[in-house]
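Structure, as structure tokens:
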Amino acid sequence: MKLKSQINNVIKNAFIRAGIEHEPMSVSEATKPEFGDYQFNGAMALSKKLGKNPREIAQNILDNLDLTGVLIKAEIAGPGFINLWLNPLWIGAQCQTALEDERLSVSTRENPIRVVVDYSGPNMAKQMHVGHLRSTIIGDTLANLLTFLGDEVIRQNHIGDWGTQFGMLIAYLEMKDEDGSVSLKDLEQFYKDAKGEFDANADFANKAREYVVKIQSGDAHCLNLWQKFIDISLGHCEEVYEKLNVNLTRDDVRAESFYNDDLPKVVEALATKGTLQESNGAQCVFLEGDEVPVIVQKGDGGYLYATTDLAALWYRAQKLGAKRISYVVDARQGEHFKQVFRVAKEAGFVPEDVKLEHIAFGTMMDKGGKPFKTRDGGTVKLIGLLDEAVVKAKETINNKEDYSPEQVDELAKIIGIGAVKYADLAINRESNYIFNWDKMLSFEGNTSLYMQYGYARIQSIFRKYNAPIEGEIIIGDALEHRLATMLLRFEDVLNRAAVDASPNQITTYLYELVTLFMRFYEQNPILKGGIDEEVKMSRLQLANLTAKTIKQGLDILGIKVVDKL
RNA sequence: GCGCUUGUGGCUCAAUUGGAUAGAGCAUCAGACUUCGGAUCUGAGGGUUAGAGGUUCGAGUCCUCUCAGGCGUACCA
């Protein structure tokens, strides 16, 4: 439920009754329990406009505030804050409603839009490395989130499958290909070997260059080799997606090569608009205020990635009809996207009302704060990292004897992968973050395991109870009040996270929720003796709604839960 | 050089986008168990938010400068 809007409505009505002719600003969550559940800070902002003392304005609002439904109490504090307390009866009823709803009372958008989320984007010439992790899981989370909120999401995996290196690779594939896929098991090694051959063997190098031209001109033999190479390479990526529990399929692939035919059209269109200029032999767009131009065609006639991105923007806005296009790409490419977005809008490839955004993220660092590399300075392969996570997760499982070997493996997968994903998503995406196995596989603090533990603990209650639950949710004390309020905030949090494209708002929320539940559970027994039946029923339902909310939240992050840890 | 970006307790991160006394976890110290799963909970110490100015009723957040780090700076993606 949109809790904030509900409270805002109450404030708005008070404004009308008080005769204040301004749109009230939104309430915010109280910073401390003593200050109530929510607070309204608008009186201070209004004081200048109305030429009145803020406390006077606050009093006027307070006098006109309806305290019979959503709210039960309001107080003025400090320079003119209005502290608001939610009505426990109302909260209880709302939690009840949420519990009965599959979507936990999270509404779907009234005006859904079509959104393109561009993420992952591996290079087919090489194996996926840790640099692809963040784009893949942040993008996937954003796509999941928007889908859940009711937008029409089109996932786009803009894989790098075009360019000069493929001439070399397919020439080498042809040379080495006795029976195909075997030699491609390790793409990294294959690339190195091909490069070695390229440097050592002049005939081979010539052939490689020749093959570049041949692919681009549509030579059937070379295209066939190329296709084979891409299929295998993409297969490796899919293995990673599968492990990561990421919702990317072959249908979501729109490779660089897909836009190949459109590249001349992009340049032509820019030329027609008159925005194109020749500079040092290259075709460029000079943007006002920018020193460096956007180069769309090289001196030798070749196209660049800016050209491809422009073609992709064109396609996504015009053909796919997207109203929001989100690029989940490394922060280092900020300037590139700023420029490309400007060109696309100024040239009319993308209509004015389409929102273009670069969802930038920072770099993954090692313990020493340096970019994450292997000992010899190479890139860390993603698949290896994920396998290691599963191995390490297995070590953390306490009572292995309670499970079959298959169950242990399954559990290790869920825990290990979940830990890696959660640790990444829990951090403000724009900052760099330090990768630390011990921290992410800990049960303490804001980690996936703490959430999993909280969830499993609640499931354990229901395994023990295992009988029908009847009755109402009755908010009995301050802790239950806070827990219930937190549960009702779920939709607000999701909406905010969707606007900002920041998964860490979801993780922060889940962490607060689970912490609150643990405290509640510690203080308020459920199945112990001497508990009134009514109270027991109410607490069981609060626990149930908590579990469902954890599960739904983690599901959006692409993290699975288990009933038993 | 120019541009972008970051700087918050010993460490790793938050801070509802300008709101009240800057919050968590780890680590340290002190508590709570015949465990509804203690993989938990309660409490304590620890901060001039890199520094200096400014705007504002109110600044970690906005502006200016300084210092320190990271990244980018036209025919790779």
Side-chain angles (χ1 to χ4, degrees), chain A residues 4 26-32 34-35 38-39 41 44-45 47-48 53-54 77-81 83 121 123 125 158 160 162-165 256 279-284 286 290-300 302-306 308-309 329-336 338 360 362-363 365 367 369-371 396 398 423 426-428 430-434 436 438-439 442-447 449-450 452-454 456-461 463-465 489 492-493 496 500 504-505 507-509 511-512 515 518-519 521-523 525-529 531 536 539 543 564-565:
Chain A
K4 252 186 205 179
S26 174
V27 295
S28 54
E29 284 104 47
T31 49
K32 281 175 192 191
E34 308 93 87
F35 297 155
Y38 278 78
Q39 56 177 264
N41 305 329
M44 277 92 75
S47 92
K48 203 162 244 178
N53 173 326
F81 297 101
N83 293 336
N123 186 335
H158 191 79
W162 210 238
T164 49
Q165 69 239 54
E256 281 174 11
S279 174
N280 297 329
Q283 297 298 320
C284 308
F286 283 88
D290 280 3
E291 237 175 88
V292 292
V294 179
I295 303 179
V296 293
Q297 192 170 21
K298 295 195 280 187
D300 67 3
Y303 301 103
L304 293 118
Y305 82 125
T308 311
D309 275 338
V329 182
D330 194 288
R332 280 172 289 196
Q333 296 193 38
E335 243 138 322
H336 164 72
K338 216 180 272 178
T363 315
M365 304 293 199
K367 266 188 179 172
K370 303 235 167 61
T396 70
N398 267 345
I427 280 158
N428 182 333
E430 290 185 71
S431 52
N432 296 342
Y433 84 102
I434 297 191
N436 182 336
D438 295 338
K439 198 186 150 197
S442 162
F443 280 87
E444 288 158 352
N446 188 7
T447 63
L449 280 175
Y450 185 75
Q452 301 268 18
Y453 177 69
R457 214 175 164 186
I458 296 172
Q459 296 317 307
S460 160
I461 299 171
R463 268 196 300 278
K464 189 156 285 187
Y465 180 68
R489 280 181 50 203
D492 285 343
V493 170
R496 185 60 176 275
D500 297 345
N504 79 310
Q505 292 186 26
T507 59
T508 301
Y509 169 79
Y511 178 56
E512 282 172 15
T515 304
M518 294 285 199
R519 293 174 61 187
Y521 191 44
E522 200 82 18
Q523 190 176 302
I526 297 179
L527 299 181
K528 282 182 178 168
I531 307 294
K536 187 200 273 184
R539 289 178 182 169
K564 259 173 100 175
L565 267 186

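Note on naming: letters A, B, ... go to the chains in the order of the sequence lines (proteins, then strands), and numbering restarts at 1 for each one. Everything numeric in this text was worked out from a predicted model, so none of it was measured.
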* Structure fact -> Across all chains, not counting sequence neighbours, the salt bridge (charged side-chain N to carboxylate O under 4.0 Å, His left out) partners of A/K4 are A/E29
* How is A/K464 classified with respect to the nucleic acid when contacts are heavy atoms under 4.0 Å: base, sugar-phosphate, or nothing? -> sugar-phosphate
* Asked: Checking all strands, does A/I526 fall into the base, sugar-phosphate, or nothing category for heavy-atom contacts under 4.0 angstrom?
  -> base
* Structure fact -> By nearest-nucleotide position on RNA chain B, the 5'-leaning member of A/P371 and A/D300 is A/P371
* Asked: Rounded to the nearest Å, what distance is computed from the NE2 atom of residue A/H336 to the P atom of nucleotide B/U73?
  -> 11 Å
* Structure fact -> For A/E430, the side chain to side chain contact (heavy atoms under 4.5 Å, CB included) test, sequence neighbours excluded, returns A/N428
* Asked: On a whole-Å scale, what distance lies between the C1' atoms belonging to B/C57 and B/A27?
  -> 41 Å
* Roughly how far apart, to the nearest Å, are B/A24 and B/G47 at atom C1'? -> 14 Å
* Sequence neighbours left out, what passes side-chain hydrogen bond (donor to acceptor under 3.5 Å, both in side chains) with A/Y433? Give chain and number order. => A/D424
* Asked: Can you give one letter per nucleotide of nucleotides 40-51 of chain B, 5' to 3': B if a protein heavy atom sits under 4.0 Å from the base, S if only from the sugar-phosphate, - if neither?
  -> BSS---------
* To do: For B/U12 versus B/U73, give the span between their C1' atoms, rounded off to a whole number of Å.
  => 32 Å
* When the distance from NZ of A/K536 to C1' of B/C36 is rounded to whole Å, what number comes out? -> 10 Å
* **C1'-based separation of B/U40 from B/A77 [nearest Å]** => 49 Å
* With A/T515 via side-chain hydrogen bond (donor to acceptor under 3.5 Å, both in side chains) - residues at least two apart -> none
* **Minimum-distance nucleotide (side-chain atoms of A/I434 versus B/A74, B/U12, B/A77)** => B/U12
* To do: Considering only atom C1', compute the distance from B/G23 to B/A32 and round it to an integer number of Å.
  => 24 Å
* Hey, is B/U64 sitting syn or anti, using the within-90° cutoff around 0? -> anti
* Can you run through RNA chain B from 5' to 3' and write each base as (, ), [, ], | or . depending on how it pairs? Watson-Crick or G-U wobble, both distances under 3.5 Å. => (((((((..((((.....[...)))).(((((.......))))).....(((((..]....))))))))))))....
* Structure fact -> A/N436 CG to B/G25 P, in whole Å, measures 18 Å
* Can you tell me how far P in B/A22 sits from the matching atom in B/G45, rounded to whole Å? -> 14 Å
* Could I get the full list of salt bridge (charged side-chain N to carboxylate O under 4.0 Å, His left out) partners for A/R519, not counting sequence neighbours? => none
* **Nearest-Å distance for atom pair CD/P, residues A/Q165 and B/A77** => 9 Å
* Integer-rounded Å distance: B/U5 P and A/Q333 CD -> 16 Å
* Structure fact -> In this structure, OH of A/Y303 is separated from CD of A/E256 (nearest 0.5 Å) by 15.0 Å
* Nucleotide of B/C13, B/U73, B/C36 approaching A/Y433 most closely (side-chain heavy atoms) -> B/C13
* To do: Have a look at A/G299 and say if it touches a base, only the backbone sugar-phosphate, or nothing, with a 4.0 Å heavy-atom cut-off.
  => base
* With heavy atoms under 4.0 Å as the rule, sort A/L449 into base, sugar-phosphate or nothing. => nothing
* Distance-minimising heavy-atom pair for A/M365 and A/G369 -> SD-O, 3.7 Å
* Asked: For the residue pair A/I434 and A/K367, what are the closest heavy atoms and their distance?
  -> CG2-CA, 3.9 Å
* Asked: Any side-chain heavy atom of A/N123 sitting closer than 4.5 Å to one from A/Q165?
  -> yes
* To do: In whole angstrom, give me the gap between the P atoms of B/C62 and B/G7.
  => 10 Å
* With rounding to whole Å, what would you report as the distance between B/A50 and B/G9 at their P atoms? -> 8 Å
* Structure fact -> The reported gap from NZ in A/K536 to CD1 in A/I531 (rounded to nearest 0.5 angstrom) is 8.5 Å
* To do: Sugar-phosphate means primed atoms, P, OP1 and OP2; the rest is base. With that split, encode nucleotides 14-21 of chain B 5' to 3' as B, S or - using protein heavy atoms under 4.0 Å.
  => S-BB-BBB
* Is A/T308 side chain donor-acceptor paired with the B/A77 base, going by distance under 3.5 Å alone? -> no
* **Counterpart residues, side chain to side chain contact (heavy atoms under 4.5 Å, CB included), relative to A/R496 (two or more places apart)** => A/D500, A/Q505
* Structure fact -> By side chain to side chain contact (heavy atoms under 4.5 Å, CB included), A/A456 pairs with (sequence neighbours left out) A/L565
* Asked: In whole angstroms, how far is the C1' atom of B/U35 from the CG atom of A/L527?
  -> 14 Å
* Among all residues two or more places apart in sequence or in another chain, which pass the salt bridge (charged side-chain N to carboxylate O under 4.0 Å, His left out) test with A/D492? -> none
* Could you give the CG-to-C1' distance, from A/D309 to B/C76, as a whole number of Å? -> 13 Å
* Structure fact -> 5'-most contact on RNA chain B (nearest-nucleotide basis), A/M365 vs A/N280, goes to A/M365
* Structure fact -> For A/N280, the side chain to side chain contact (heavy atoms under 4.5 Å, CB included) test, sequence neighbours excluded, returns none
* Asked: A/E335 CD to B/U73 C1': how many Å, rounded?
  -> 7 Å
* Are A/K48 and B/C57 close enough that a side-chain N or O sits under 4.0 Å from OP1 or OP2? -> yes
